Amino acid sequence: MQTRPFLTILLLTAFVLAAFSTRFDLSRIHASGFNNYLNDQIEYVSVARNWSETGRLESSIVYPSAIEHGEYRHLPGHAVLIAIAYSIFGDTTLSYLLPSLLAALLIPALTFSIASKVYDRRTGWLSALFTMMFAPFIVFSFTAMPETTFVVAGLAGLSLLLAAGSRVRALLVVPTLLLPFLFRETGAFLIFPFIVVATTVKRRMVAIFATSTLIITGVYSLIVAPGSGALFKANLVGASERIKYGDAVFASSPLSVHELFMGCVRNASEQLTVLADGFSRAPSSLQYASLLLVLLATIAVLSVSIRRRDRFGIGVGMTSLVLWFFLIALYQVDAFVGMRMTLFLVPFLAIAAFGLVRGKVATRVATVITSLLVLGQIHFVLLVAPELSRNDEFDDRAIAFIEATEHDPGKLLVAPLRLAQAYALKRHPARISLQPSNVETLALLMKRYEIGSLIYSESQLSDGLTTEDLKRIGFVDQESRQFDGADYVLLRK
């Protein structure tokens, strides 16, 4: 590692983050930011608190659809980092933001280190400066989301692999790949550039073929296995949010091969339509601008790498190509979800893209394009920063609304996530659950937890679970209350 440029990049990144920090409200966790897509912060924070205090890796948020398959939906890496900060600094906003901030600080420096070894220092500097100013990295560094820690884990794994001797690299692919995998399942897709760096030409194609087969088999098993792939199944059959998160019966039902195939076709058609519409709004949307940039970079890197037989570029391009196929056919690429799912590719694509630039003219053109992209990223940071705290007033009113119901915080609160998430964040160790969508799921929930209060609106009740069903089980209709223009029914045992 080249110490002086590495430290210089760290200092420059610290300056950039410090300058942009004035645009963000760092006094609290903004769980409702990005149209409520940042609510995963609550789960990471609650797991960190519980792990630090009890030693159990569990969330304070219960998803009824997963009631029989564990209480925590995410891999533990990011939550453990928050727990370490929590044990040092206590229950403060700093504890929850520190892992993301430190990771954002390291991204450009590690990008420089990898690019300098794979290509040259010019590539290292261009890649580092781009990732330093990349808007999503800056935005997520001021949240308790795992985006920047996941990216750093992937970069750190490849850095360790490059630092190892050529004779042992092949043996270290799996151990170093475990680093990003501890933060998110999609870390497994980085196997392609890792294999390219670690293996010889003769063994590489065999390794890539074997890995591709394993990934396809693993994804298929995840989807068709009862309970393990509720989110994927819900996307493939077009299920509502109520079914996706509140129906344990649906989560436990297997998916046939025919249903899987037809679901993939339907989902791919929908996602391609969403992308086409979203890309037209890219100039004013950080999410779609990021997605479009990743897609264009993938096409450019893969096409040029194949022509020039650039091993690293081919490995990165394959990773991106397989991930895009996975997201379009099986999951989502719309707006925020697509942006965060492809974010870990950005440093690797930047390294490959700048590394493939040859000649003085091409270098100058690349520098001009990078400068324009950086200006665009600054625009997006300034545009998005206020969005993170826009719904804080709603969260404060939601907490007051729930506390006015005199709910016993020692018992489980069943309520809409949008209503109860801020309560779970502010009133730790209070535990909340999303609403079960049928009697069977509610019965499973009652076996595991003592329910204190249920808050439902009439629009959220259906044939699967009605007010009469709740009363037959033993819940009493206490009163009706209004919040934010909607009528809610409060029930207790």
Side-chain angles (χ1 to χ4, degrees), residues 13 16-17 20-21 23-24 26 29-45 47-48 73-82 85 93 95-111 130-158 179-190 285-291 293-294 297 319-320 323-324 326-327 331-350 377 380-381 384-385 387-388:
T13 309
V16 169
L17 291 174
F20 280 118
S21 68
R23 308 295 300 183
F24 294 85
L26 305 180
I29 298 296
H30 305 288
S32 298
F34 270 124
N35 291 324
N36 211 42
Y37 275 116
L38 294 181
N39 61 27
D40 278 356
Q41 293 181 99
I42 305 168
E43 192 161 9
Y44 287 108
V45 168
V47 171
R73 301 179 304 139
H74 304 292
L75 290 169
H78 187 65
V80 169
L81 292 181
I82 294 179
T93 304
S95 300
Y96 310 136
L97 301 184
L98 190 60
S100 295
L101 276 168
L102 292 178
L105 187 66
L106 289 171
I107 287 173
L110 288 173
T111 301
F130 178 75
T131 54
M132 187 186 302
M133 299 301 299
F134 190 58
F137 289 156
I138 295 171
V139 171
F140 281 115
S141 68
F142 298 109
T143 72
M145 298 288 282
E147 271 46 61
T148 57
T149 53
F150 174 43
V151 172
V152 158
L155 292 170
L158 191 56
L179 276 174
F181 191 76
L182 285 172
F183 289 80
R184 184 166 294 158
E185 296 88 342
T186 45
F189 289 109
L190 286 173
S285 168
L286 171 63
Q287 297 98 312
Y288 284 114
S290 174
L291 270 171
L293 183 62
V294 169
T319 290
S320 186
L323 180 66
W324 274 97
F326 168 79
L327 294 177
Y331 198 53
Q332 294 175 282
V333 286
D334 61 313
F336 182 86
V337 175
M339 177 182 71
R340 70 178 297 203
M341 292 295 286
T342 57
L343 207 56
F344 75 101
L345 297 171
V346 171
F348 298 97
L349 286 169
Q377 300 304 306
F380 277 125
V381 173
V384 167
E387 291 291 328
L388 268 64

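Computed from a prediction, not measured in an experiment: that's the story for all the values here.
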Please lay out, stage by stage, how F20 and V139 fare under the test side chain to side chain contact (heavy atoms under 4.5 Å, CB included). CA-CA 9 Å; F20 280 118; V139 171; over 6 Å; no

Are D40 and R340 close enough, and set up right, to give a side chain to side chain contact (heavy atoms under 4.5 Å, CB included), and what steps lead you there? CA-CA 12 Å; D40 278 356; R340 70 178 297 203; 3.1 Å; yes

With side chain to side chain contact (heavy atoms under 4.5 Å, CB included) as the test, would you mind laying out the steps for Q377 and M132 before giving the verdict? CA-CA 10 Å; Q377 300 304 306; M132 187 186 302; over 6 Å; no

Test side chain to side chain contact (heavy atoms under 4.5 Å, CB included) on W324 and V294 and set out the steps. CA-CA 10 Å; W324 274 97; V294 169; 3.8 Å; yes

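Note that the CZ atom of F336 and the CG atom of L286 stand 9.5 Å from one another [nearest 0.5 Å]. Note that CD1 of I138 and OG1 of T148 are 11.5 Å apart. Values are rounded to the nearest 0.5 Å. The CD atom of Q41 sits 8.0 Å away from atom NE2 of H78, with the distance rounded to the nearest 0.5 Å. We find the CG-CG distance between L190 and L345 to be 7.0 Å, quoted to the nearest 0.5 Å. A distance of 11.0 Å separates CZ of F150 from CG of L182, quoted to the nearest 0.5 Å. How far OG1 of T186 is from CZ of F344: 4.5 Å, rounded to the nearest 0.5 Å.
The side-chain heavy atoms of L38 and F140, taken from C-beta on, include a pair separated by under 4.5 Å. Contact of the V381 side chain with the F142 side chain is not registered, since no non-hydrogen atoms from C-beta on lie closer than 4.5 Å. Taking 4.5 Å as the limit, some side-chain heavy atom of I82 sits within range of a side-chain heavy atom of Y96. Between F348 and V151, every side-chain heavy-atom pair lies at or beyond the 4.5 Å cut-off. Looking at heavy atoms from C-beta onward, M341 lies out of side-chain contact with V333 at the 4.5 angstrom threshold.
The two residues F380 and S285 come nearest to each other via the heavy atoms CE2-C, 3.6 Å. The heavy-atom pair separating L75 from E185 by the smallest distance is CD1-N, 3.4 Å. Nearest heavy atom pair, residue I29 against residue A144, reads CD1-CB, 4.2 Å. Pairing each heavy atom of S290 with each of L343, the nearest pair is OG-CD1, 4.3 Å. Residues Y44 and P146 approach most closely at OH-CG, 3.3 Å, considering heavy atoms.
Side-chain N or O atoms of Q287 include none that pairs as donor or acceptor with a backbone N or O of M339 at under 3.5 Å.
With respect to S141, the side-chain contact (heavy atoms from CB on, under 4.5 Å) criterion is satisfied by exactly one of T13, T149, L97, L17: L17.
The aromatic rings of F130 and F134 sit tilted, their planes meeting at an angle between 30° and 60°.
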Distance-only criterion, 3.5 Å: show the donor-acceptor pairs between side-chain atoms of residues 100-111 and protein atoms not counting sequence neighbours.
from: S100; atom 1: OG; to: T143; atom 2: O; distance (Å): 3.0
from: S100; atom 1: OG; to: M145; atom 2: O; distance (Å): 3.0
from: T111; atom 1: OG1; to: I107; atom 2: O; distance (Å): 2.7

